[in-house]
Amino acid sequence: MTSEAALPKDSSQKRQKQMIADHFDRLARAKEDGRKVVYTFVPGNLTELIGAFGFLPVLPEINALQSGMRGKSGGYISEAERAGHSEDVCSYVKCDFGMLKSGNIGPTGKPLPKPDLLLLSYTGCFTFMKWFEILRQEYRCPVVMLHVPYQADGRISDEMRKYVVQQLVSEVIPTMERISGRKLDEADLEERMRLSARAEDALVDVWESARHRPSPIDGYFGGVYYIGPIFSAFRGTTDAVLYYQELAAEVDERIARGDGPMTPDGPMPSERYRLVVEGPPNWTNFNEFWRMFSRERAVVVASTYTRVGGLYDLGFRHSPADPLSSLADYCLGCYTNRSLPDRVKLLEKYIRDYKADGFLINSVKSCNSFSAGQLLMLRELEKRTGVPGGFIESDLVDPRYFGRANVENRLQSYLQMLESHRSARAAS
Amino acid sequence: MSQTIDVDPAAEVVRRATALNENYGLSALKDWKASHPGQLAIGHLPIYVPRPLFEAMNCLNVAIFGGGEKEIVRGDSYFQSYICHIPRSTVELGLAGTLADLDAMIFPAICDVIRNLCGMWQMLFPQVYATYLDLPQNFRPEVGGAFYRLELERIANELVARGATPWTPESLRGAIREENERRATLERLTTIRHYEPWRVPASEAYLLTRAGGSLPASEHRKLLEAYLDAIPGRSRLAHDNVRVVLTGAFCEQPPLMLIRSLERAGCDIVEDDLQLGFSYLEGPIEENAADPLDALVRAFLEKGAATASRYIGNEEKGASLVRRVRHAGADGVIFAAASFCDPALLDQPMLEAALEDAAIPYTSFKFAENTGQFQVIREQAGAFSDAVRLWEDAP
């Protein structure tokens, strides 16, 4: 087995690493550089608007998942529970709260700057609202709420779009103008929207490359690295365009060579199972979890988690033509803002389009937005596609809820079932 | 020697309320359907829906609070163990056909679970109109208010398409008047609990309040009035209990025995948010507005209670709870959140901090609607009431 550190890095990986390091450096210097800092969430983020005002974004979900990957989340969660937070609730919130109480040290080892504004984009997850109520009590800073209606009937109505735009015009932008001390530069915003669309085009090429056999990417474990820049601070920047274009070119090269996806142990030699995955990954044991798949040569060809920050493969692009309506459509269209029937339809499409052998739900304890209803989704998808579904349970960043043996047993049993299914189909 | 039998003058009305709560609050539904042919019965999940609008359309509002202690046979297979209990028991009722007389189901925006339950209902019961009521979190009339109005109009139009009578300004004003009268009667009940809680045990007030879940507002008011008329004739003695506010941002309801256990542990529950929907609006809806739908919208925007499912903007978290405690003259607070209820449990540390700042004692526990063991809760509440009494007596 090749150690992870010894694996050669692609140019895009190096570029992403540098982009993120630079961002955290900017955050570390924010106060001395006179930059204002906005905390906000991944789904329904308004990165172009944030950038147009010169704010630096901090995404508490990303802090939490990074804490999970760095083995720090367990301690942070304990800290929050000692402060009275229930064992039952979202571990992202507790991890973030515990991190805050422990000095809010970012990945560079320096404290993250306090927020000048909490931009509460209420998209697809009720817990976001409570999370920022908690942070507001801690930071005593302004909060601005953007309530994004839920797509309960599977469509964006004019009324929904208008409601979001009105909030942008009457609440969000005036607050950002007040905090930043400058007026919105509409030309700057339009340019950022243009750049977003270019990065989104390239990202969609990357996602759709998984239609090839073998798939050159893993659309879940590898996918979470691909979404890093576009779901966080970089949408609407030249950096993001360069990153995604470089990534797409590397993927094209992999297709030309007939390579499978990269795994923690190097390139996958050949693909045995093509899976679609619903639900976020576990972060505390991320590589271990990934290896449970990759060692069985199971590649994830599409996943819904990688669409929480935007469903570009269904055609949405940020548009400079009417930036505020476009931002509204973006917020309304994020994966967890879609109804359960719509989510089933999307998974069905992925299973068919990517010719998946099976689909798997990783149900996380922390996230009711994802998890409530997943067992019905499982039944419905099996009924519609005839493709076997699997179900495993873990958590986002609470290490107490990653049962290694349990997860591995369930996955192994599931893959055996796929094998039997395949044999039975071959025999018929 | 002759013996005086102390007959409770409220016994009959309490029996009626108890009967109305049987069969998951649906006991009167069949009769209503039989006597109102062609009219719609609309189920709604907690916490708040604008019931006067549907009454103005000759519909019967039916509050669905899950299956309580009902044995779950199939509902559990639809939910992971870490999801709260009310959706599984509600699905159980649906699969068992218990809710078959409902013509529509409305799922208000209170949390991710109830939101997703709406989608589940659409898939499991496609023959029933199931819709999500997206309550706004922006409270500007021209922004959140305009959106909310369109939401109400959308649902009203869908119900008309399914046979409901279109609302008119007159019918809606009438329904608002009835709702205000019901609300005022509930406030009278609460006031008596503040001043003479021994006359109105919380467990009884709960039955009387919840009985209105599937009654038109006017009938619920009459039931409450009958109870209130009977109360002065009661010869009950004040106990040396502590006065508590019971709070849990209640969607999922605790078993009645849990409320009784708190009372038996020496707590007079002088206020609660158990049936939060009925008291969600803190004040009457404007009755004679030229545009009564606008009045209903503004009531939500301007008078909505500061509960866990509502963004409170710039007000201090917990300030409302502290005011309620002061207004009720309570000695302390009991937090009772449903297990795995994200909104209530995420709110709780902030509310606790506000109580600590105000030097108001509190205790907390979790429950599920089918909790069957109350001894631990009773002991905890007993210890809390003892501690509060000692605190009071401290120099």
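Everything quoted here is computed from the prediction, not taken from an experiment. Each chain gets a letter, A, B and so on, in the order the sequences are listed, and its residues count up from 1.
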query: Side chain, backbone, both or neither: which part of A/L378 has an atom under 4.5 Å from a heavy atom of chain B?
result: neither

Contact class of A/V89 relative to chain B, heavy atoms under 4.5 angstrom: both

task: Please flag which part of A/V164 lies under 4.5 Å from any non-hydrogen atom of chain B: side chain, backbone, both or neither.
output: neither

query: If you measure from the Lys or Arg side-chain nitrogens to the Asp or Glu carboxylate oxygens, is any gap between A/R155 and A/D153 under 4.0 Å?
result: no

- request: Go through the atoms of A/E171 and report whether side chain, backbone, both or neither lie under 4.5 Å from a heavy atom of chain B.
  value: side chain

message: If we check ring pair (Phe, Tyr, Trp, His ring centres under 6.0 Å) with B/Y148, which of these qualifies: B/F139, B/Y48, B/F300?
response: B/F300

message: Please verify the inter-ring angle class for A/F97 with A/H85; under 30° counts as parallel, over 60° as perpendicular, anything in between as tilted.
response: tilted

- prompt: Can you say whether B/M123 sits under 4.5 Å from chain A via the side chain, the backbone, both, or neither, judging by heavy atoms?
  reply: side chain

- prompt: Which answer fits B/R310, side chain, backbone, both or neither, if we ask what part of it has an atom under 4.5 Å from a heavy atom of chain A?
  reply: backbone

field: Contact class of A/Q167 relative to chain B, heavy atoms under 4.5 angstrom
entry: both

message: Distance to the ring centre below 6.0 angstrom and angle to the axis at most 45 degrees; does that hold for B/R162 and B/Y129?
response: yes

task: Let me know if B/E151 has heavy atoms under 4.5 Å from chain A in its side chain, its backbone, both or neither.
output: neither

- request: Quick one: which of A/A83, A/S170, A/G373 has the most heavy-atom pairs under 4.5 Å with chain B, could you say?
  value: A/S170

query: So what's closer than 4.5 Å to chain A heavy atoms on B/L150: side chain, backbone, both or neither?
result: side chain

query: Would a distance-only check, ignoring hydrogens and angles, find a side-chain to backbone donor-acceptor pair under 3.5 Å from A/S73 to A/V397?
result: yes

message: Check whether B/Y82 forms a cation-pi arrangement with A/K365 (NZ or CZ under 6.0 Å from the six-membered ring centre, at most 45° off the ring normal).
response: no

message: So that I can tick it off, tell me whether B/E142 and B/R298 are bridged by a salt bridge, with the cut-off set at under 4.0 angstrom between side-chain N and carboxylate O.
response: no

message: Can you tell me which of A/K94, A/E87, A/R343, A/R136 forms the most heavy-atom pairs within a distance under 4.5 Å of chain B?
response: A/R136

- prompt: Quick one: what part of A/Y122 sits under 4.5 Å from any heavy atom of chain B, side chain, backbone, both or neither?
  reply: side chain

Side-chain H-bond candidate by donor/acceptor type, B/E369 with B/H85, under 3.5 Å: yes

message: Can you tell me how far apart CG (B/L99) and CD (B/E92) are? Round to the nearest 0.5 Å.
response: 10.5 Å

B/P343 versus chain A, the contacting section by heavy-atom distance below 4.5 Å: both

field: B/A308 versus chain A, the contacting section by heavy-atom distance below 4.5 Å
entry: both

field: Residue A/R140 versus chain B: region with a heavy atom under 4.5 Å
entry: side chain

Charged N-O contact under 4.0 Å between B/D291 and B/R149: yes

statement: Bottom line for A/V344: the part with an atom under 4.5 Å from chain B's heavy atoms is side chain

- request: Output yes when a side-chain donor or acceptor of B/D273 lies under 3.5 Å from a complementary backbone atom of B/L276, and no otherwise.
  value: no

query: Under a 4.5 Å heavy-atom cut-off, does chain B meet the side chain of A/F132, its backbone, both or neither?
result: neither

query: Of the backbone (N, CA, C, O) and the side chain (C-beta and beyond), which part of B/S77 lies under 4.5 Å from a heavy atom of chain A, both, or neither?
result: both

statement: Pair count under 4.5 Å, heavy atoms only, with chain B: among A/T127, A/L120, A/L146, highest is A/T127

message: Counting heavy-atom pairs under 4.5 Å with chain B, which one of A/E393, A/E159, A/Q166 comes out on top?
response: A/Q166

- request: Specify whether A/H147 and B/F147 have parallel, tilted or perpendicular ring planes, treating 30° as the upper limit for parallel and 60° as the lower limit for perpendicular.
  value: perpendicular

query: Which one, B/A146, B/P136, B/S339, B/C118, leads in non-hydrogen pairs under 4.5 Å with chain A?
result: B/P136

message: I need the minimum non-hydrogen distance between B/L159 and B/A104, along with the two atoms involved.
response: CD2-CB, 3.9 Å

task: Kindly determine whether B/E158 and B/T131 satisfy side chain to side chain contact (heavy atoms under 4.5 Å, CB included), including the steps that lead there.
output: CA-CA 10 Å; B/E158 292 284 359; B/T131 194; over 6 Å; no

message: Does any backbone or side-chain atom of B/I312 lie under 4.5 Å from a heavy atom of chain A? Answer side chain, backbone, both or neither.
response: both

message: Need one label for A/E380: side chain, backbone, both or neither, based on atoms under 4.5 Å from any heavy atom in chain B.
response: side chain

field: Partner chain B: residue of A/G124, A/S339, A/C90, A/S366 with the largest heavy-atom pair count (under 4.5 Å)
entry: A/G124

field: Contact origin within B/Q348 toward chain A - heavy atom pairs under 4.5 Å
entry: neither

query: Taking NZ, NE, NH1 and NH2 as the nitrogens, is one of them in A/K130 or A/E133 under 4.0 Å from a carboxylate oxygen of the other?
result: yes

- prompt: Looking at A/S157, A/C367, A/S363, A/G154, which one has more heavy-atom pairs under 4.5 Å with chain B than the rest?
  reply: A/S363

